[in-house]
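Report on one structure; see the data block that follows.
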Number of protein chains: 2
Amino acid sequence: MNTRTISKVAKKAGVGVETVRFYERKGLITQPPRSSTGGYRVYPADTAGQIRFIRQAQELGFSLREIEELLSLRTDPATDCADVRERAQTKLTEVTRKIAQMRKIQAALKQLIAACPGQGALQVCSIIEAIEVPEKPSAMPKQKRR
Amino acid sequence: MNTRTISKVAKKAGVGVETVRFYERKGLITQPPRSSTGGYRVYPADTAGQIRFIRQAQELGFSLREIEELLSLRTDPATDCADVRERAQTKLTEVTRKIAQMRKIQAALKQLIAACPGQGALQVCSIIEAIEVPEKPSAMPKQKRR
DNA sequence: ATACACTCCGTACCGTAGTACGGAGTCAAA
DNA sequence: TTTGACTCCGTACTACGGTACGGAGTGTAT
């Protein structure tokens with residue numbers, strides 16, 4: 001038969017079987033119903049897509065907890081809309097900030113590449129300076145610090 | 001005295017002292033010279049910036065190993081320029097891809113927010129579909145898979 | 001009917017990235 | 001000169017995100 005077993009879903013998503021079970025335990029993917037005969041997991045069509053989303057989001061620096069938060073924005077289609085909206089807004093701010101940082105690194109890399117075969121290559125580009133520096137200790141006068 | 005001790009650098013960078021030592025062991029920050037008297041670490045001015053860069057890059061989904069690679073693009077100012085260029089190009093491709101993915105999530109969140117207070121909110125936006133689906137198993141006919 | 005692949009589950013183990021601990025030595029302000 | 005904060009080092013412990021193992025059951029192609 002052409003049922004969506006765990007190994008097929010895993011392959012489609014590009015992960016191992018164990019990883020699928022792991023995400024299931026974590027509540028990151030929809031709990032699949034079981035076949036009445038052997039108690040095997042039978043997956044809905046979209047599970048592989050969910051897993052690929054998880055992997056992509058991880059590469060973008062989201063933890064599984066954060067990914068769960070992202071997914072929850074869609075999971076509950078009946079919950080308080082204003083609440084969803086607020087959480088989405090929070091995520092959006094974060095994502096926007098990340099994009100900005102990423103763009104700075106991108107620009108630094110481009111600059112590096114452009115400056116490189118110029119042969120006279122010295123202190124051309126620093127990458128580190130791509131990201132601006134928030135300087136933690138706010139100038140408090142008369143502190144202990146030696 | 002106004003020497004840059006480990007705790008001051010840590011505070012400036014917004015991390016703990018142990019973390020600074022950890023990054024040092026990993027070779028991610030410049031090995032600081034030691035004070036001749038007590039053997040204490042005395043940091044150059046830019047170390048805190050390096051550490052902040054590391055933390056930012058982590059938030060963008062880079063592992064410490066990858067960050068080391070990024071930093072190495074600048075660390076060796078005398079090494080083979082073509083090599084640096086090539087590695088920078090690889091990173092640039094990766095960064096550009098990440099930005100694209102991030103933008104898709106950003107767009108999905110925006111759509112979600114826009115669609116939300118419309119009250120008739122049903123299956124409006126999926127987030128997951130923000131990321132397009134590469135479908136792993138290339139259609140090979142006559143396989144074992146059941 | 002048998003073989004072999006697949007599934008189940010719990011538990012154990014792994015690498016990464018820190019974080020904590022603790023005893024001994026050092027620095028500087030009172 | 002004593003006190004308290006700071007530093008040293010190595011080692012141990014933690015959380016996260018998987019990955020592997022292994023024994024028992026199931027499904028199906030030959």
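Lettering follows sequence order; numbering is per chain, from 1. Please read all numbers here as calculations on a predicted model, not as lab measurements.
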- Query: Going only through I, L, V, M, F, W and Y residues with side-chain contacts under 4.5 Å, is there a path from L60(A) to L92(A)?
  - Reply: yes
- Message: Quick check for you: among dC6(C), dG17(D), dC9(D), whose closest atom lies nearest to any side-chain atom of Y40(A)?
- Response: dC6(C)
- R87(B)-S72(B) side chain donor-acceptor pair, cut-off 3.5 Å: yes
- Task: Specify the separation, in whole Å, of atom CZ of F22(A) and atom C1' of dT19(D).
- Result: 10 Å
- Query: Taking only N and O in the side chain of R41(A), is any of them less than 4.0 Å away from OP1 or OP2 of dC8(C)?
  - Reply: yes
- Task: Just grab all the salt bridge (Lys or Arg N to Asp or Glu O under 4.0 Å) pairs involving residues 25-37 of chain B, residues at least two apart or on different chains.
- Result: E24(B)-R34(B)
- Task: Please check the phosphate of dG17(D) (OP1 and OP2 only) for any side-chain N or O of T19(A) closer than 4.0 Å.
- Result: no
- Query: Between atom CD in E24(A) and atom P in dG17(D), what is the gap in whole Å?
  - Reply: 17 Å
- Heavy atoms under 4.0 Å, any strand shown: does G16(A) hit a base, just sugar-phosphate, or nothing? nothing
- Item | Whole angstrom value for the distance that separates P of dA17(C) from CD of E68(B) | 10 Å
- Message: Taking donor-acceptor contacts at under 3.5 Å, does the side chain of Y23(A) reach the base of dG18(D)?
- Response: no
- Item | Atom pair distance, as rounded to whole Å: NZ in K8(B) and P in dC27(C) | 14 Å
- Note on the structure: Residue set satisfying salt bridge (charged side-chain N to carboxylate O under 4.0 Å, His left out) with R55(A), at least two apart, ordered chain then number -> none
- Query: For dT26(C), does OP1 or OP2 lie under 4.0 Å from any side-chain N or O of T37(B)?
  - Reply: no
- Item | K91(A): partners by salt bridge (charged side-chain N to carboxylate O under 4.0 Å, His left out), with sequence neighbours left out | E69(A), E94(A)
- Send over the distance from R55(A) CZ to dT19(D) C1', rounded to a whole Å. 11 Å
Any protein N or O atoms within reach of nucleotides 20-24 of chain D? Criterion: under 3.5 Å, listing atom names and distances.
{"from": "dC21(D)", "atom 1": "N4", "to": "E18(A)", "atom 2": "OE1", "distance (Å)": "3.3"}

- Message: From CZ of R4(B) over to P of dT7(D), roughly how many Å is that when rounded to an integer?
- Response: 14 Å
- Message: Over all strands shown, is G38(B) touching base, sugar-phosphate only, or nothing at heavy-atom distances under 4.0 angstrom?
- Response: sugar-phosphate
- Message: The side chain of Q58(B) is closest to which nucleotide in this list: dG17(D), dG18(C), dT19(D)?
- Response: dG18(C)
- Task: Map G39(A) and K26(B) onto DNA chain C by nearest heavy atom, then report which one ends up closer to the 5' terminus.
- Result: G39(A)
- Cation-pi between K12(A) and Y43(A): NZ/CZ under 6.0 Å from ring centre and within 45° of the ring axis? no
- Task: Quickly work out the L28(B) CG to dA17(C) C1' distance and round it to whole Å.
- Result: 11 Å
- Query: Taking only N and O in the side chain of S7(A), is any of them less than 4.0 Å away from OP1 or OP2 of dA5(C)?
  - Reply: no
- Task: Ignoring backbone atoms, establish whether S63(A) has a side-chain N or O less than 4.0 Å from OP1 or OP2 of dC16(D).
- Result: no
- Quick one: list whatever passes side chain to side chain contact (heavy atoms under 4.5 Å, CB included) with P33(B), sequence neighbours left out. none
- Item | Pairing residues for T93(B) by the side chain to side chain contact (heavy atoms under 4.5 Å, CB included) criterion, not counting sequence neighbours | Q89(B)
- Round to a whole Å and report the spacing from CD of E66(A) to P of dC16(D). 12 Å
